[in-house]
Protein chains: 2
Amino acid sequence: MAGLSRYMAVLRLFSEGAPTWTVAEMADALGVPQSTAYRTVRDLLSEGLVEMSSEARYRLGPAFIEFDRLTRLTDPLLLAGNEILHEVVKEAGIPCVGLLTRLYGREVMCIADAASPDASFSPSYERGRPMPLTQGATSKAILARLPSKRLVKLIGREAADAMREELAALRRAGFCLGRGEIDEGLAGLAAPIVCEAEGLIASLSLVVESHRLAGAREERLRLLLISAAQEMEVRLRAAEHIKEGSPA
Amino acid sequence: MAGLSRYMAVLRLFSEGAPTWTVAEMADALGVPQSTAYRTVRDLLSEGLVEMSSEARYRLGPAFIEFDRLTRLTDPLLLAGNEILHEVVKEAGIPCVGLLTRLYGREVMCIADAASPDASFSPSYERGRPMPLTQGATSKAILARLPSKRLVKLIGREAADAMREELAALRRAGFCLGRGEIDEGLAGLAAPIVCEAEGLIASLSLVVESHRLAGAREERLRLLLISAAQEMEVRLRAAEHIKEGSPA
DNA sequence: TTCATATTCTCAATTTTTGAGAATATAAGC
DNA sequence: GCTTATATTCTCAAAAATTGAGAATATGAA
């Protein structure tokens with residue numbers, strides 16, 4: 001095993017169910033001798049990617065929290081959209097959770113969440129959680145705006161072909177509604193956000209209880225999301241011009 | 001440059017002021033040939049540690065957000081203390097920001113923050129932000145509980161000697177108050193949290209406007225923080241026993 | 001102290017990385 | 001379509017780093 005992947009293999013051992021590991025356990029899990037595992041852990045330790053917990057057990061280190069903060073401070077979508085996200089949740093007027101989600105590398109990932117104070121349900125999403133690529137309004141709103149070449153790369157030719165018509169319709173509508181596709185009893189409403197210059201394809205979505213989606217209210221939320229998403233696009237373009245306009 | 005550090009050197013280029021880089025810029029900044037830089041970036045890309053932004057620019061990738069989520073879900077201090085942190089802010093009854101801070105690797109780092117709705121000031125702290133080691137109530141409450149050997153390793157012999165008496169007093173008091181040590185006009189109040197079994201040394205602190213710290217109120221907040229910190233220690237020990245008690 | 005376990009060290013064989021430049025993509029303009 | 005400029009990958013022998021087994025040291029508790 002070579003280069004970076006040898007380190008990442010260790011880091012990927014850590015999980016919610018197994019948050020701490022001894023070096024012996026790592027060596028075992030990866031099938032490498034202990035001396036090698038110790039060297040690897042020592043390197044990770046010195047970079048802050050793991051820390052010693054106690055009694056020879058190790059856990060993920062502070063570097064991840066710091067780098068995450070950096071992404072929070074610099075992500076153009078968050079800068080343009082976090083404030084609006086909270087406003088949308090407030091204006092929705094019913095119990096709901098708002099999500100900002102983004103195609104990120106090869107994943108569709110939630111990068112910001114905001115629950116209304118009266119939201120009694122807890123949707124399974126939050127910052128840092130990868131979402132299923134082809135299910136749910138949030139992801140579909142994103143896939144619908146993907147150039148077909150990239151879509152194929154992401155989900156494969158067959159899956160892309162199977163979804164082509166549905167996505168074309170969503171693209172025309174500029175909006176996506178899904179009922180119970182992910183959580184039973186919950187519905188997702190999502191509007192796409194695209195900024196070519198930043199290479200950004202994302203969506204703003206709202207998760208609400210299905211039974212609250214009467215006709216008129218659904219229409220109101222649709223308009224709310226679409227206009228909020230458009231406002232985010234405007235801010236993204238503005239931020240980008242500022243960057244280019246400023247002296248290098 | 002060898003092994004992991006060669007990759008970290010690239011990642012550490014990214015900052016709030018320079019959130020995106022071209023490969024040529026990286027190669028320049030690090031003094032390596034472009035072909036080498038391209039190979040390094042390709043590896044980082046495939047692990048999700050960087051992503052392509054647009055037009056040959058790269059930014060930090062989704063892996064950091066995912067790993068951060070994992071630390072949020074598994075950090076024993078956060079599991080034991082996040083709820084209490086919010087209660088403390090609520091019960092404080094004045095505009096304030098509550099912080100959970102932890103000795104993390106070689107840094108003192110804030111891992112959770114909660115502002116009261118009426119807090120009009122914005123303290124310079126938040127999750128993922130390293131704090132100055134030897135300044136501010138938050139850090140001092142932690143240093144006071146550090147075994148002197150580790151203290152020396154952390155801040156050096158001279159600095160450790162210079163602080164020895166002050167820290168001994170803080171240790172006896174079980175509490176730390178600092179006025180304007182970090183932000184002019186703000187005061188920090190902090191109580192230590194220690195859990196040997198988890199190898200955890202931390203503090204719970206409250207940032208308030210200095211002028212609001214009348215005598216009686218200061219005393220009330222002191223007691224609030226100390227009892228909340230103790231409750232966290234209790235929960236930490238409970239969580240630890242559950243872990244040990246459960247079948248492997 | 002003594003034991004048990006955690007961690008680092010040693011060294012030759014093996015594998016990876018490096019750098020310079022050539023060879024390919026890729027995208028924009030004509 | 002072609003042309004140009006730039007981005008990215010590839011090639012290959014020399015240089016450097018990693019590997020694995022085990023010995024040598026810490027470290028901490030009894």
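No experiment lies behind these values; they were computed from the predicted model shown. Lettering of chains follows the sequences in order, A, B, ..., and the numbering in each one begins at 1.
- The backbone N or O of A:D68 lies less than 3.5 Å from a partner atom in the side chain of A:T71, making a donor-acceptor pair.
- Nucleic acid contact for B:R39: base, since at least one base atom lies under 4.0 Å from a heavy atom of the residue.
- Between B:L200 and B:L236 the shortest heavy-atom distance is CD2-CD1, 4.1 Å.
- When the P atom of C:dT5 is taken as reference, atom CD of A:Q34 falls 12 Å away, rounded to whole Å.
- Every residue was checked against the side-chain contact (heavy atoms from CB on, under 4.5 Å) condition with A:S54, not counting sequence neighbours, and none meets it.
- Nearer to the 5' terminus of DNA chain C, by closest-nucleotide assignment, is the contact made by A:R57 (compared with the other of A:R57 and B:Y7).
- Bounding nucleotides for the chain B contact on DNA chain D, 5' to 3', at a heavy-atom distance below 4.0 Å, are D:dA7 to D:dT18.
- The shortest distance between side-chain heavy atoms of A:R72 and A:N82 does not fall below 4.5 Å.
- For the pair B:R42 CZ and C:dT24 C1', the computed distance is 13 Å after rounding to whole Å.
- Each of A:A2 and A:S35 was assigned the nucleotide of DNA chain C with the nearest heavy atom; the assignment lying further toward the 5' end belongs to A:S35.
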Side-chain donor-acceptor contacts of residues 21-32 of chain B below 3.5 Å, not counting sequence neighbours, with atom names and distances?
from	atom 1	to	atom 2	distance (Å)
B:W21	NE1	B:L13	O	3.4
B:W21	NE1	B:A18	O	2.9
B:T22	OG1	B:E25	N	3.1
B:E25	OE1	B:T22	N	3.0
B:E25	OE1	B:R57	NH2	3.2

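- B:D113 places no side-chain N or O within donor-acceptor distance of the main-chain N or O of B:L99, the cut-off being under 3.5 Å.
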